Amino acid sequence: MNPIQLTMTRTFNATAEQLWRAWTTEDGLATWWWHTWPDTRYQVDATVGGSYRIDAADHGIGVRGVFLELTPPQRLVFSWIWIEDGAEGESERVAVTFTPDGDGTRIDLLHTGPWTSAEPVDAYRQGWDFVLDALEHTTDSVM
Amino acid sequence: MVKYDDGLDGAATALAHRGRRQIISRLGAGSATSSELAELLDIGLPALHKHLDLLRRASLIESSKTGRTVSHVLRPAGLDQLADWLLTRKSFWSNQFDALADHLETS
């Protein structure tokens, strides 16, 4: 675990199967992903090693990648390459899990950067908290 | 989204180590000498220097010598890049989750 990673959790009023469809099918994605941009194109091949591509060409942005893990309807992992005005970013990684939570389903999302570390990494606070704390102290000492 | 470059990779790798995060946290409260940092981490100076080199190469700290004392300060700009990486993705996924909650068809 690299401490510089983003995690996000939210519970939705839906079943894991419904959420799985929303994340892994073209029709499913089109209902929510960039729904304010109806000209967005969705191409999804939801198989391990299969690719996806979401293009909002009119707005100069898109994202593409490859499915690394698919365990319906529990876990989904894919690479993530952001495209802006034709320029591609580095390949990052997104892992999404769907867990029953009361009457709904909790999504846990983990977005990690392309860096790797040769050092053994121990458990620590989330990178987000760490970086914000450090910045806060810096601001205090500068004022 | 933030543009990725080598500076970000260096910073993230530098921070993937508990001792180096301790150094960054300590320097966030003001400058420190090599001896102070070695004592904080409870390691010898040679080991500390390895960590300081890495942090300098990642442009996270700056070091200066006064007489025989070397002291180190934080370069906030290095952390700004990482914070930006996290902030843009947090804001992106937060918006996506809002859209999912509002538009998921559950029929």
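Chain identifiers are assigned alphabetically (A, B, ...) following the order of the sequence lines, protein sequences preceding nucleic acid strands; residue numbering begins at 1 within each chain. This structure is a prediction, so every number in the text was calculated from the model and none was measured.
Residues Trp82(A) and Trp85(B) place their aromatic rings such that the two centres sit no closer than 6.0 Å.
Minimum interatomic distance between Ala101(B) and Phe12(A) (heavy atoms only, all atoms of both residues): N-CE2, 3.7 Å.
No chain of hydrophobic side-chain contacts below 4.5 Å, direct or via other Ile, Leu, Val, Met, Phe, Trp or Tyr residues, connects Val73(B) to Leu48(B). By the criterion of side-chain heavy atoms lying less than 4.5 angstrom apart, applied directly or through intervening Ile, Leu, Val, Met, Phe, Trp or Tyr residues, Trp23(A) is grouped together with Leu104(B) in one hydrophobic cluster. Residues Val96(A) and Ile81(A) do not share a hydrophobic cluster, clusters being chains of Ile/Leu/Val/Met/Phe/Trp/Tyr side chains in contact below 4.5 Å. Grouping the Ile, Leu, Val, Met, Phe, Trp and Tyr side chains by contacts below 4.5 angstrom, directly or via other members, places Val77(A) apart from Phe67(A). Leu74(B) is not connected to Val70(B) by any chain of hydrophobic side-chain contacts under 4.5 Å among Ile, Leu, Val, Met, Phe, Trp and Tyr, and they are in different clusters.
Residue contact with chain A, scored on non-hydrogen atoms closer than 4.5 Å, is absent for Asp102(B).
Aromatic ring pairs are classed by plane angle as parallel below 30°, tilted from 30° to 60° and perpendicular above 60°; the pair Trp93(B) and Trp80(A) is tilted.
Here the side chains of Leu100(B) and Thr31(A) are not in contact, with every heavy-atom distance at 4.5 Å or above. When side chains are defined from C-beta on, Arg89(B) does not count as touching Thr112(A), because their heavy atoms never get closer than 4.5 Å. Residues Gln96(B) and Trp34(A) meet the side-chain proximity criterion, which asks for heavy atoms closer than 4.5 Å. Looking only at side-chain heavy atoms (C-beta outward), Lys90(B) and His111(A) stay at 4.5 Å or farther from each other.
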Legend entry - Derivation of the ring pair (Phe, Tyr, Trp, His ring centres under 6.0 Å) call for Trp33(A) and Phe92(B): CA-CA 11 Å; Trp33(A) 186 264; Phe92(B) 175 82; 5.8 Å; yes
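More than 12 heavy atoms of other residues, nucleotides or ligands sit less than 6.0 Å from atom CD of Gln43(A). Within 6.0 Å of the CG atom in Asp98(B), the count of heavy atoms belonging to other residues, nucleotides or ligands exceeds 12.
Remark: Leu109(A) CG to Ser94(B) OG distance equals 11.5 Å, nearest 0.5 Å.
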